[in-house]
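First the structure, in the form of structure tokens, and then the observations on it.
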Amino acid sequence: MISALFLPLLFTLIIIPFSQAVSIFSRPQIHPSFKINTTQNRRSCSFTVSIRTSCSSIRYTRDRISLAFGDAYGNQVYAPRLDDPRTRTFERCSTDTFKIYGPCTYQICYLYLYRSGYDGWMPYDVTVYGYNSRPVTFYYNELIPGDIWYGFNDCYGATSSSAMK
């Protein structure tokens with residue numbers, strides 16, 4: 001009887017501390033050397049970007065919010081300013097949808113947000129719908145730091161990293 005209770009306890013004390021939980025979602029990262037590709041001024045494709053603001057965010061923000069996303073081949077779409085304080089863009093618990101034009105891309109695999117201002121802002125997630133790619137969602141649900149590109153690069157082994165430099 002004692003050994004029947006002892007074995008599960010032994011397993012718990014020995015095996016579980018050595019196991020590590022792995023998140024199925026990547027976390028956003030600061031990218032201090034991220035550069036906007038200013039040579040790509042073609043505007044031949046449209047994208048729909050849906051941004052949900054977290055219910056944990058401030059009521060609304062007056063901060064300037066910019067967005068950049070792209071594929072593993074160096075195609076980059078840049079939206080220099082999505083915010084509009086007059087229309088209460090990025091209110092808490094809301095979804096804002098934008099039509100953005102830029103170069104055509106393959107599957108979107110990176111997305112960065114840039115926030116400038118003093119209010120703060122916490123997006124829940126950002127979903128990009130493009131012509132040549134399936135929709136992709138990037139989960140934030142944390143405050144965006146100020147004056148630095150912050151987001152995701154899931155382009156693992158990109159053949160062209162010009163957009164990532």
Side-chain angles (χ1 to χ4, degrees), residues 23-156 158 161-165:
S23 174
I24 58 171
F25 297 109
S26 60
R27 301 221 25 214
Q29 302 291 318
I30 291 173
H31 195 317
S33 60
F34 183 78
K35 301 282 186 230
I36 297 301
N37 188 343
T38 57
T39 61
Q40 290 192 9
N41 56 6
R42 301 175 311 216
R43 298 181 161 272
S44 53
C45 284
S46 69
F47 301 85
T48 300
V49 176
S50 176
I51 301 176
R52 284 195 300 172
T53 297
S54 172
C55 293
S56 299
S57 188
I58 64 169
R59 193 167 142 212
Y60 69 94
T61 187
R62 295 165 295 187
D63 292 350
R64 294 177 180 159
I65 309 295
S66 300
L67 168 80
F69 60 87
D71 63 21
Y73 303 99
N75 299 304
Q76 183 184 86
V77 178
Y78 171 57
R81 191 159 181 196
L82 298 173
D83 57 284
D84 184 356
R86 294 171 304 201
T87 62
R88 307 285 287 242
T89 307
F90 305 126
E91 281 188 315
R92 178 185 327 152
C93 297
S94 69
T95 301
D96 295 289
T97 303
F98 305 91
K99 183 72 81 176
I100 299 172
Y101 296 91
C104 297
T105 66
Y106 294 98
Q107 183 59 48
I108 302 299
C109 58
Y110 74 88
L111 183 137
Y112 289 98
L113 293 169
Y114 188 93
R115 182 189 67 78
S116 179
Y118 299 101
D119 289 342
W121 176 60
M122 181 186 297
Y124 180 76
D125 63 17
V126 179
T127 303
V128 179
Y129 303 87
Y131 177 74
N132 288 327
S133 65
R134 63 188 177 346
V136 61
T137 301
F138 298 90
Y139 294 93
Y140 281 85
N141 205 28
E142 55 187 77
L143 287 169
I144 302 297
D147 301 316
I148 194 157
W149 287 102
Y150 189 65
F152 302 87
N153 182 351
D154 295 330
C155 296
Y156 309 113
S161 60
S162 62
M164 309 312 140
K165 294 182 181 174

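Please read all numbers here as calculations on a predicted model, not as lab measurements.
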Task: Aromatic centroids of Phe69 and Phe47 separated by under 6.0 Å - done: yes

- [ ] Can you measure from CZ (Arg27) to CZ (Phe152) and round to the nearest 0.5 angstrom?
- [x] 9.0 Å

Task: Option among Tyr114, Phe90, Tyr140 that satisfies the ring-ring contact (aromatic ring centres under 6.0 Å, His included) test with Trp121 - done: Phe90

- [ ] Look up atom OG1 in Thr137 and atom OH in Tyr129, then write down how far apart they are to the nearest 0.5 Å.
- [x] 6.0 Å

TODO: Taking Arg115 for its side chain and Gly117 for its backbone only, find out whether a donor-acceptor pair lies under 3.5 Å.
DONE: yes

Task: Interatomic distance, Ile65 atom CD1 to Leu67 atom CG [nearest 0.5 angstrom] - done: 10.0 Å

Task: Aromatic Tyr124 / basic Arg52 pairing, under 6.0 angstrom, 45° off normal - done: no

Task: Backbone N/O of Asp83 and side chain of Thr89: donor-acceptor pair under 3.5 Å - done: no

Task: Shortest non-hydrogen contact from Leu113 toward Pro123 - done: CD1-CG, 3.9 Å

Task: Between OG1 on residue Thr105 and CG on residue Asn75, distance to nearest 0.5 Å - done: 6.5 Å

Task: Exam field: side chain Ser133 to backbone Gln107, donor-acceptor pair closer than 3.5 Å - done: no

Listed pairs under 3.5 Å, donor-acceptor, residues 143-150 side chains, sequence neighbours left out:
from   : atom 1 : to     : atom 2 : distance (Å)
Asp147 : OD1    : Ser116 : OG     : 3.1
Tyr150 : OH     : Glu142 : OE2    : 2.3

- [ ] Could you tell me whether the side chain of Ser57 and the main chain of Arg92 form a donor-acceptor pair under 3.5 Å?
- [x] no

Task: Distance (rounded to the nearest 0.5 Å) between Cys109 SG and Asn153 CG - done: 6.0 Å

- [ ] Kindly compute the distance separating CD (Gln76) from CD1 (Ile36), expressed to the nearest 0.5 Å.
- [x] 4.5 Å

Task: Test ring-ring contact (aromatic ring centres under 6.0 Å, His included) applied to Tyr110 and Phe138, step by step - done: CA-CA 9 Å; Tyr110 74 88; Phe138 298 90; 8.6 Å; no

- [ ] Determine yes or no for a side-chain-to-main-chain donor-acceptor pair under 3.5 angstrom, with Asp71 supplying the side chain and Tyr106 the backbone.
- [x] yes

Open item on the list: Tell me the closest heavy-atom pair linking Val77 and Pro103, and the distance in Å.
Closed with: CG2-O, 3.8 Å

Open item on the list: Strictly distance-based, threshold 3.5 Å: is any side-chain N or O of Asp63 a donor or acceptor partner for the main-chain N or O of Tyr118?
Closed with: yes

Open item on the list: Contact between Asn141 and Met122 at the side-chain level, heavy atoms closer than 4.5 Å - yes or no?
Closed with: yes

Task: Atom of Gly151, atom of Tyr112 and distance for their closest heavy-atom approach - done: N-CD2, 3.2 Å

